[in-house]
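See below for the structure under consideration.
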Amino acid sequence: MAVPAPVVVIGAGIGGLAAAATLAHAGVPPLVLDAHVYPGGCAATFRHRGYWFDAGATLASGFTADGPMALLSRATGITDWPVVRHEPALVVHLPDGTTVPRWGDERHWQTYCEAFGPSSLRFWRWQEATAQPLWELAARCIPWPPQRLQDFLRLGVEGWQLIQHDWKRLGLLPDAFRTVAHHVPSENSRLRQFVDAQLLITAQATSNRVNALYGAAALDFTNRGVVVVRGGVGALATTLCDAIIRQGGRVMLRHEVTSITQHSDEQFTLITNRGLEVTTPCIIANLSPWSLARLLTTPPATLHHIIRHPPEGWSAFVLYLGIDEDAVPNDFPLHHQILVDGTFGEGHSIFLSLSPSWDTARAPAGQRALTASTHTRWEPWWNLRQHDPAGYAARKQAYTERMLDGIARVLPTIRDAIRLLVPGTPVSFARFTRRLFGWVGGFPQTRLGRAVPRRLAPNLWLVGDSTFPGQSIAAAALGGLAVAHAILQEHGQALNMNKHAATMRNLHEEEADVIGGTLVDSTRSSTH
C-alpha cells in the first residue's frame, strides 16, 4: 500500500529542512525522509562515547537581523534558535606565525590594517561593498542559474531594483568575469595567503580561481552573524524538525530512499529501505546530483550530463577528539584555521572547532569535544580502501599525525590531553552522510553558473550545496527557502488540501500497517 504525501523531502540536511519547514508553515505538510539516526546531514551532531561531535559543518552564520536565518525564521514561524553570538568568529594562523582574528564588528578594520598593512583596506572595502548587494539579491530567492524566460525576467527586475538604490553597483558587472585575485594586491603575499585560506573553506578554491562576485560574498561570512549553537550545530536541524512536526509535517529517520519512479500521471513513487512506499506529486531532494541520479529510474535531461562520480571538488579528513579541558587556555576562541605551509588542501589547512566550556553536556566532566578537518581528494582513499587495505590504514595514520602536529601549534599539549580519537575519511563520510564517494562542500566556485539548477524537472527539485548559493548553513537555508517559495507560487493552492493533512496526521498508523515499524517524529536524542 502506498502512502500519499503532498511533498516529499529526501534528506534532512539544512536545505531540505528549510524547504520543509517553510512549506509546513504555509499549510502544506511535507514528509521528510532521511537515512540517518540524526537530522542535519553534513550539519549534524552525533553522540559517541559520551561526546557530542559536529559531523561536518561546525561554524554557523547568517544570524544578523536581515540575514538568511532571520528570513527563514519569518518563513517557518521559528521564534528562537538555540544560538549565542560569538566573537571573534575564528582565528587564522598563518605559516609565518601571524595570528589574524576575524571579527564581525568594527574591530576587523584595525585587525586587517595591522596584519596586512593600510594598503590592504582597499581590498576589504571592495569585498564588503560587493558582498552587500549580492547577499540582498540572494535573499530575494532568485532563480539561479535561470532556466526559463520568467526566471530571466525576474532576475532583470530584481537586479534593476538593486541598482536603483545605488547606481555605483553597475561597476560590479565586470567582476562577473574576473577572479578574486584581480583585487588582491600582487605585492601583498600575506594578504593573498590569508584570502586563499578563507576562500578554500568558503568557496572550495583559491583566489586565482574563485569568481570575484561569489568570492566577495563568501569572504563576508564573518559579517553575517557567526554564532555558537547550544548542543552543537545539529540543534539547528532539530529546531527545524520540531517546527515541521508542530505544523503538521512528518520527519522519518532511518528511512533511506532506495528508488524513485515517475508515472505517466506525473506522480512519483518512492520506496525506502524499510519497505515504506510513498506517492507524491512533488519531490525536493537534499542530495548530491549523483546520488539523486542513481535513485531515479528515468533521470531527467538536466541530470544526463552528470557522470557516475563528481568531476571536481573535495572531501574531508576529520579528527573527532575528546580532550582534557586543562589543555585549553582561558578565553581560547572556539574556531581556528591553521595553515601548515603555503600550500592548500591535503592536510595543509586545518579547521579546528571546540565545544564551548559552558556547553557541559557535550562532553564528560572536565573535558571538551573537538572537531578538526582538512580538505582531501576522495579518489586516493577509495582506491586504497578497495585495493590496498594496509595502505589505507597507513594513510589514515599519516594524516592523523600531520593533523595533530598542526593542532599542536595552538594547543601545544594536545597529544597528552587526548582521551578519545576517532578519525574520519571520505569513506566514512560516504557511509554516514550517504554522499557518494564522500564528496562534500559543493563545487569549487570558479564561475557564476557552476551550480546545478534547483528545478530538475516539473515538480522535481534539488537543494543543498550543489545548488546556488552553495555551501554553508546560511547558503543551504537560502536555497531551501527559495525552492519552497517557488513551489508555493506554482502549486500552493493545489498542494494545500485537507486530505493530505489528514493523511500526514494518520501516517503513524499507515506506516505500522506497511512495515510494522514506528515513526520517528523528532530527534531529541541528538540534543541535550
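Hydrogens, waters and symmetry mates play no part in the numbers below; they use all other heavy atoms, side chains included.
- Side chain of His36 to backbone of Thr433: no donor-acceptor contact under 3.5 angstrom is found.
- Not counting sequence neighbours, the partners of Arg455 by the side-chain hydrogen bond (donor to acceptor under 3.5 Å, both in side chains) test are Glu490.
- With sequence neighbours left out, the side-chain hydrogen bond (donor to acceptor under 3.5 Å, both in side chains) criterion links His335 to Ser353.
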Please report, to 0.1 Å, the donor-acceptor pairs under 3.5 Å made by any side chain of residues 471-484, with sequence neighbours excluded.
residue : atom : partner : partner atom : Å
Gln471  : OE1  : Gln204  : NE2          : 2.3
Gln471  : NE2  : Ile201  : O            : 2.9
Ser472  : OG   : Ala475  : N            : 3.0

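- Taking the six-membered ring where the residue is Trp, Phe53 and Tyr320 present tilted rings, their angle falling between 30° and 60°.
- Using bins of under 30°, 30° to 60° and over 60° for the plane-to-plane angle, the ring pair His336/Phe332 lands in the parallel bin.
- Evaluation of the ring-ring contact (aromatic ring centres under 6.0 Å, His included) rule for Phe268 yields no partner, not counting sequence neighbours.
- Looking at residues two or more places apart in sequence or on another chain, you find a side-chain hydrogen bond (donor to acceptor under 3.5 Å, both in side chains) between Gln110 and Glu114.
- With respect to Glu136 and Arg140, no salt bridge is recorded, no charged nitrogen being found less than 4.0 Å from a carboxylate O.
- Taking the ring centre of Trp439 as origin, the terminal cationic atom of Arg435 falls outside the region bounded by 6.0 Å and 45° from the ring axis.
- A donor-acceptor distance shorter than 3.5 angstrom exists from the side chain of Asp359 to the backbone of Gly231, with no hydrogens or angles considered.
- Residues Val257 and Ile10 share a closest heavy-atom pair of CG2-CG2, 3.8 Å.
- We find the CZ-CD1 distance between Phe468 and Ile142 to be 4.5 Å, quoted to the nearest 0.5 Å.
- With sequence neighbours left out, Asp54 forms a side-chain hydrogen bond (donor to acceptor under 3.5 Å, both in side chains) with Thr45.
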